[in-house]
Q: 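Provided herewith is a single structure, encoded as structure tokens, for subsequent inquiry.
Quick caveat: nothing in here was measured; it's all calculated off a predicted structure. For the single chain, residues carry numbers from 1 onward in sequence order. Side chains included, hydrogens not; waters and symmetry mates left out as well; all remaining heavy atoms used.
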Amino acid sequence: MPSSDYDSACLPDLLPLYYRRLFPFSQYYRWLNYGGLQKNYFQNREFSFTLKDDIYVRYQSFSTQNELEKEMQKMNPYKIDIGAIYSHRPNQHNTVKSGTFQALEKELVFDIDMTDYDDVRSCCSAADICSKCWTLMTIAVRILDRALRDDFGFQHLLWVYSGRRGVHCWVCDEAARKLSVAARSAVAEYLSLVKGGEETVKKVVLTDPIHPFIRESLLVVEQYFSQYALQEQDILGRKESVDKVLALCSHVRRELQQDFQNEKKPEIRWKLIRDQAVKKQSTAKKGQHFEKEIMLQYCYPRLDVNVSKGVNHLLKSPFSVHPKTGRISVPMDIDKLDSFDPFAVPTISLICEELDRPRTGEEDEKSEDIKDKENETDAAERRKIRDYKRTSLAKYVRYMDQFLDGMARSWKGDLLRKSDLQKEF
């Protein structure tokens with residue numbers, strides 16, 4: 001059946017197969033163990049599972065990859081969330097003296113959800129997305145990825161599609177994992193520009209001089225603004241949309257309304273707005289950046305700041321299945337961001353069906369299986385690798401491998417530094 005034929009009623013039948021033969025446990029453990037550089041790092045990590053009928057199980061933790069595999073294959077969670085590294089094993093939190101069980105570390109995480117853009121997209125609303133509004137996610141990843149790397153110096157950023165309507169970022173550098181709540185809040189605030197709820201008309205206010213970070217972000221927005229906002233969202237076409245834009249340039253609203261009477265083309269209307277802004281900037285004492293404020297209000301990333309601030313905040317795990325869409329929460333290749341299509345991400349029904357297709361090279365596999373019997377654990381791992389490589393999941397696991405290889409190179413450097421320091425004593 002094609003991926004569009006996902007039926008949530010089939011999920012209880014598909015999940016056991018997914019966790020038994022397709023879930024990339026080896027990469028998953030390699031990621032969360034961080035090269036084994038810190039004692040009990042994986043063992044003290046919290047996992048939470050959402051089971052059938054919304055049964056929610058928190059404070060799960062595991063000693064080894066094998067233990068995690070067995071438990072997930074037993075419980076077949078509908079959703080997996082990852083939490084912090086604690087001072088003690090999360091599954092023993094009830095036995096620890098009150099007040100001593102503390103969240104110590106976690107990746108710095110960001111959650112961008114399309115529903116937060118409902119006031120500036122006309123194509124869809126709520127949980128719905130389409131290729132037009134997906135551009136907002138592309139812009140968000142571009143802006144945040146640049147800022148986190150260039151402004152903060154982070155290197156190991158794992159971008160993950162949520163499986164439905166958003167994107168998550170896991171900043172995995174050691175420095176990011178050790179950040180305090182105050183430092184996480186400072187980073188999140190630095191990256192937040194769109195402020196205010198539904199009742200706030202003007203959500204972006206720029207002051208002179210414009211911060212270099214905002215200038216860099218505007219360069220990204222400018223690449224997409226004409227195609228996305230003027231053409232696809234038609235923000236200067238329908239009267240209702242035009243009124244919303246004009247409300248953001250109240251100083252010259254009357255002049256623009258007059259100009260718009262004679263000019264209906266969105267591109268030329270936008271040029272009229274820019275011309276008015278340039279004119280105001282040359283005469284006004286204070287910053288008049290309303291054309292930039294409009295661009296940012298319509299396109300700048302909208303962060304759920306609370307997700308980023310807390311060390312103990314749980315976030316949906318990569319390779320979790322979205323129960324509503326059936327899509328796998330997959331890593332994104334940042335180098336191919338503009339061609340990323342959320343609707344092409346495989347569903348659990350598709351990859352399970354791909355497993356059943358006749359495979360080539362059966363004879364080679366049989367001879368491999370004879371060898372495999374010599375070492376059952378390795379055999380199971382090799383079979384699993386062969387299984388996911390036969391499905392549409394393969395390329396996303398490959399992205400994960402590339403990301404982990406980059407991290408491993410930095411772990412090697414850390415290990416060498418540690419051994420050098422020990423030799424000095």
Side-chain angles (χ1 to χ4, degrees), residues 28 31-34 38 40-51 54-62 68 77-94 96 99-116 137 140-141 144-145 147-148 152 154 156-192 194-195 197 301-323 329 331-332:
Y28 198 67
W31 170 38
L32 295 170
N33 192 43
Y34 285 98
Q38 273 178 262
N40 294 330
Y41 210 69
F42 180 79
Q43 290 78 1
N44 288 4
R45 168 83 72 167
E46 180 192 0
F47 295 86
S48 88
F49 297 152
T50 306
L51 310 178
D54 281 335
I55 295 164
Y56 190 51
V57 189
R58 269 199 78 172
Y59 299 116
Q60 303 292 292
S61 61
F62 309 96
L68 170 76
Y78 274 47
K79 182 175 171 241
I80 309 155
D81 286 288
I82 299 174
I85 292 106
Y86 282 84
S87 51
H88 303 75
R89 297 200 176 188
N91 61 0
Q92 295 168 7
H93 74 284
N94 286 329
V96 177
T100 58
F101 180 66
Q102 301 285 335
L104 302 178
E105 291 187 20
K106 197 191 73 184
E107 296 77 6
L108 174 62
V109 293
F110 297 93
D111 180 7
I112 307 139
D113 194 309
M114 195 71 87
T115 50
D116 294 326
M137 292 293 128
V141 175
L144 297 175
D145 190 79
L148 289 164
F152 291 96
F154 296 127
H156 305 296
L157 276 62
L158 179 63
W159 287 98
V160 181
Y161 168 52
S162 73
R164 193 179 195 184
R165 58 172 186 248
V167 169
H168 301 151
C169 177
W170 300 76
V171 186
C172 299
D173 300 59
E174 186 182 4
R177 286 179 271 135
K178 291 186 182 308
L179 288 175
S180 66
V181 171
R184 286 165 199 265
S185 302
V187 176
E189 286 303 332
Y190 175 91
L191 296 169
S192 297
V194 183
K195 307 273 175 79
R302 299 183 172 206
L303 300 173
D304 184 341
V305 175
N306 291 326
V307 171
S308 306
K309 284 180 177 178
V311 180
N312 58 355
H313 203 291
L314 292 148
L315 186 64
K316 184 184 185 178
S317 166
F319 298 105
S320 191
V321 181
H322 198 294
S329 183
M332 298 164 73

Q: For the side chain of Glu105 and the backbone of Lys178, is there at least one donor-acceptor N/O pair under 3.5 Å apart?
A: no

Q: Quick one: closest heavy-atom pair of Arg89 and Gln43, and the distance?
A: NH2-CG, 3.6 Å

Q: Looking at Ala183, is its backbone amide N or carbonyl O close enough to the side chain of Ser180 to form a donor-acceptor pair, meaning the two atoms are under 3.5 Å apart?
A: yes

Q: Would you call Leu191 and Leu303 a side-chain contact if the rule is heavy atoms closer than 4.5 Å?
A: yes

Q: Step by step, would you call Tyr86 with Ser61 a side-chain contact (heavy atoms from CB on, under 4.5 Å)?
A: CA-CA 10 Å; Tyr86 282 84; Ser61 61; over 6 Å; no

Q: Could you check Val171 against Glu107 for side-chain contact (heavy atoms from CB on, under 4.5 Å), going step by step and ending with a plain yes or no?
A: CA-CA 5 Å; Val171 186; Glu107 296 77 6; 5.7 Å; no

Q: Would you find a donor on one side and an acceptor on the other, under 3.5 Å apart, between the side chain of Asp81 and the backbone of Lys316?
A: yes

Q: Check Arg184 against Ala176 and note the closest heavy-atom contact, atom names and distance.
A: NH2-O, 3.4 Å

Q: What distance do His88 atom NE2 and Tyr59 atom OH have between them, rounded to the nearest 0.5 Å?
A: 13.5 Å

Q: Tyr41 side chain to Asn44 main-chain N or O, any donor-acceptor pair under 3.5 Å?
A: no

Q: Can you check whether Trp159 reaches Leu144 side chain to side chain, under 4.5 Å on heavy atoms?
A: yes

Q: Drop me the distance from Arg45's CZ to Tyr34's OH, to the nearest 0.5 angstrom.
A: 6.0 Å

Q: Determine, using ring centers only, whether Phe47 and Phe62 are less than 6.0 Å apart.
A: yes

Q: Between Asp173 and Ala175, is there a donor-acceptor pair closer than 3.5 Å when you use the side chain of the first and the backbone of the second?
A: no

Q: Can you name the closest pair of heavy atoms from Ser320 and Lys79 and give their distance?
A: OG-CA, 3.6 Å

Q: Working to the nearest 0.5 Å, report the span between CG of Asn40 and OG of Ser87.
A: 11.0 Å

Q: Please step through side-chain contact (heavy atoms from CB on, under 4.5 Å) for the pair His168 and Val109, ending with a clear verdict.
A: CA-CA 7 Å; His168 301 151; Val109 293; over 6 Å; no

Q: Determine the interplanar angle of the Phe101 and His93 rings, folded into 0 to 90°, and report it as parallel if under 30°, tilted if 30 to 60°, perpendicular if over 60°.
A: tilted

Q: Give, for atom CH2 of Trp170 and atom OG of Ser317, the distance between the pair rounded to the nearest 0.5 Å.
A: 6.5 Å

Q: To the nearest 0.5 Å, what is the distance between CG (Asn33) and CD (Gln38)?
A: 10.5 Å

Q: I need the minimum non-hydrogen distance between Pro77 and Leu51, along with the two atoms involved.
A: CA-CD2, 3.9 Å

Q: Once the angle between the rings of Phe152 and Phe154 is folded into 0 to 90°, is it parallel (under 30°), tilted (30 to 60°) or perpendicular (over 60°)?
A: parallel

Q: Show the nearest heavy-atom pair for residues Arg165 and Asp113, with the distance to one decimal.
A: NE-OD1, 2.9 Å

Q: Do Ile82 and Leu314 come close enough that some side-chain heavy atom pair is under 4.5 Å?
A: no

Q: Of all the heavy-atom pairs spanning Leu108 and Ser308, show the shortest one and how long it is.
A: CD1-O, 4.0 Å

Q: Are Thr50 and Pro323 packed together at the side-chain level, in the sense that at least one heavy-atom pair is separated by less than 4.5 angstrom?
A: no

Q: To the nearest 0.5 Å, what is the distance between CG on Asn312 and CD on Gln102?
A: 9.5 Å

Q: Passes side-chain contact (heavy atoms from CB on, under 4.5 Å), Phe110 versus Leu157? Steps please.
A: CA-CA 11 Å; Phe110 297 93; Leu157 276 62; over 6 Å; no

